[in-house]
Amino acid sequence: MTIFAMSVFDATVIYDGKELFKGQGAATGWAEKLAKEIESRVTVEKIGTGWALVGRVDGVDCRWGIMGQRLKRLD
């Protein structure tokens, strides 16, 4: 099963219309899972009051947040 089909039950915050992870620890855990899925380095980045996942896919910088309890690309 792809990580993009897994439910995100961690606490979230809304910042600038985007749903982000509330805590750095939760974001880091999901970054590790996502890194394995896309076989690329993924880190976390503070955006306003929340945390997003940050990495590169096919040479393109990407950020992921949450939408409907699923990971969603923000860019």
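Since the structure is predicted, the reported quantities are computational estimates derived from the model, not experimental observations. Residue numbers start at 1 and run along the sequence shown.
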> Which residues, ordered by chain and number, are linked to Y15 in its hydrophobic cluster, where ILVMFWY side chains connect at heavy-atom gaps below 4.5 Å, directly or through other members?
Replying inline: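 Joined to Y15, directly or through intermediates: V13, L20, I47, L74.
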
> Under a single-linkage rule joining Ile, Leu, Val, Met, Phe, Trp and Tyr whose side-chain heavy atoms are separated by less than 4.5 Å, which residues share a cluster with V60?
Replying inline: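 V60 shares its hydrophobic cluster with no other residue.
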
> Partners of K72 by side chain to side chain contact (heavy atoms under 4.5 Å, CB included), sequence neighbours excluded?
Replying inline: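 Residues passing side chain to side chain contact (heavy atoms under 4.5 Å, CB included) with K72: M67.
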
>> Can you list everything that forms a side chain to side chain contact (heavy atoms under 4.5 Å, CB included) with R70? Sequence neighbours excluded, please.
In response: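 Testing R70 for side chain to side chain contact (heavy atoms under 4.5 Å, CB included), a comparison that skips the adjacent residues, returns S7.
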
> Rounded to the nearest 0.5 Å, what separation is found between the CZ atom of F21 and the CG atom of L71?
Replying inline: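 It is 5.5 Å, given to the nearest 0.5 Å.
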
> After noting the C-alpha distance and the side-chain angles of E19 and I14, does the key distance pass the side chain to side chain contact (heavy atoms under 4.5 Å, CB included) rule?
Replying inline: CA-CA 4 Å; E19 188 174 8; I14 304 295; 3.6 Å; yes

Run the side-chain donor-acceptor check on residues 28-44: report pairs under 3.5 Å with partners two or more places apart or on a different chain.
{"from": "T28", "atom 1": "OG1", "to": "Q24", "atom 2": "O", "distance (Å)": "2.8"}
{"from": "W30", "atom 1": "NE1", "to": "D10", "atom 2": "OD2", "distance (Å)": "2.7"}
{"from": "E37", "atom 1": "OE1", "to": "I3", "atom 2": "N", "distance (Å)": "3.3"}
{"from": "E37", "atom 1": "OE2", "to": "T2", "atom 2": "OG1", "distance (Å)": "2.8"}
{"from": "S40", "atom 1": "OG", "to": "R56", "atom 2": "O", "distance (Å)": "3.2"}

> How would you list, by chain and number, every residue that makes a salt bridge (Lys or Arg N to Asp or Glu O under 4.0 Å) with R73, sequence neighbours excluded?
Replying inline: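 Here no residue qualifies.
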
>> To check you understand the geometry: which heavy-atom pair defines the closest contact between W51 and A27, and what is its length?
In response: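 The pair with the smallest heavy-atom distance is CB-CB, 3.7 Å.
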
> When you look at CG of D61, are more than 12 heavy atoms from neighbouring residues, nucleotides or ligands closer to it than 6.0 Å?
Replying inline: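 Buried by this count: over 12 neighbours within 6.0 Å.
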
